[in-house]
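Indexing begins at 1, ligand by ligand and atom by atom, following the structure's order.
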Amino acid sequence: MSSRDVTKADVVRMLVVGAVASAAGIAIGLSINWFPTAASTQAGPIDTFFDIMIFISVPVFVLVTTIVLFAVIRFRVRPGEEDLDGPPVHGNTRVEIVWTAIPAIVLTLLCVYAATVLSDIDSAKADQLKITAYAQQFAWSYQYTGTDGKKFLTNQMFVPCSPTTANQGEGAPCDGRQLSLDIKAVDVIHSFWIPEMRMKQDAVPGITTHTKINPNRIGTYPVVCAELCGVGHSAMRSTIHVVTPAQYTAWLKLNSKAKTG
Ligand SMILES: [Cu+2]
C-alpha cells in the first residue's frame, strides 16, 4: 500500500467535510433574500423553484470541489518526483456510468419540474386585461383600449386589482384581472421585466411575444429592460401602478378623453 492509496478513512473524512459544507451552503443560500417584494401570484412558485435549485446545486458543487481539493493535495508532486510519470490510468467504466447517469436523472427531473411550474404560472384566466407593450431604444410604451373603444398609448402601466382586506393602500393584498401582454420590439431586441412580479419576456423585432401576469399587491413597481439594447439600456425603465378598480377606471377615463377629445 503506497502513501497515495485512498483509504476508507479518506472517504469518510470527505463525506463528513462535504456534509458539513453542504449544510452550511444550503443554510446560507436559503437565508439570503434574493428577490424583491413579491407582487404577483407567479412569484411564489418561481421563488420556491429557486430555493430547490439552491438545495440541489450546493451539494453538487461541494461534492466536486471536495474531490478536486482532495486530489490536488493527495496527488501533488513531491520533492524528487518532478521527472516521474504519473501512473497509467485507463478509465473506470463503473464510475463513468454513475457520473453520467446521476446528473442526467437530476437534470431531467429539474426540466420536468421547471416545465410544470411554467405551464402552471402561465395558465390563462377568464378575466384578462389585454395590453400591448412596445419596446424601443430606450423607452416602453403601452397600448390600451380606452372607455370609448379607441386605442391610446401611455408610458406608464396602470392595472386594476381589488384589495382583499380592509387596507386599500400600498402593500395591500389584492386579486383581480390577469394581464395578458403582447410584447413588440420596434428596433432591436429588448426584454420586458418586472422584478417584483418575476415575469420576464424577450421583445424581438418582427415577432410578437406574450406573457401573463397576475398582480396581487397594491403598489408601484419598476418595469425594466433586461436585455442590453444600446447606450441608454440602463435608463430604459417605466412603472407599473397596481391600483384599485375605481382608481383604474378613473385613470382609463382620463386617458381616453385626453387622447381622443
Ligand atoms: Cu432595451
Counting N and O atoms only, with roles assigned by atom type, does the side chain of H233 sit under 3.5 Å from a partner on the main chain of E227, one being a donor and the other an acceptor?
-> yes
Should the pair F50 and F35 be assigned to parallel (<30°), tilted (30 to 60°) or perpendicular (>60°) ring geometry?
-> perpendicular
To the nearest 10°, what's the angle at the Cu ion (ligand 1) between atoms SG (C225) and SG (C229)?
-> 120°
The Cu ion (ligand 1) contact by S191, N, O or S atom under 2.8 Å | no
Side chain to side chain donor-acceptor pair (under 3.5 Å) filter on Y248, not counting sequence neighbours, yields none
Name each donor-acceptor pair under 3.5 Å that joins a side chain in residues 56-70 to protein atoms two or more places apart or in another chain, with its distance.
from, atom 1, to, atom 2, distance (Å)
S57, OG, M53, O, 2.5
T65, OG1, F61, O, 2.7
T66, OG1, V62, O, 2.6

N/O/S atom name from H190 that is nearest to the position of the Cu ion (ligand 1) = ND1
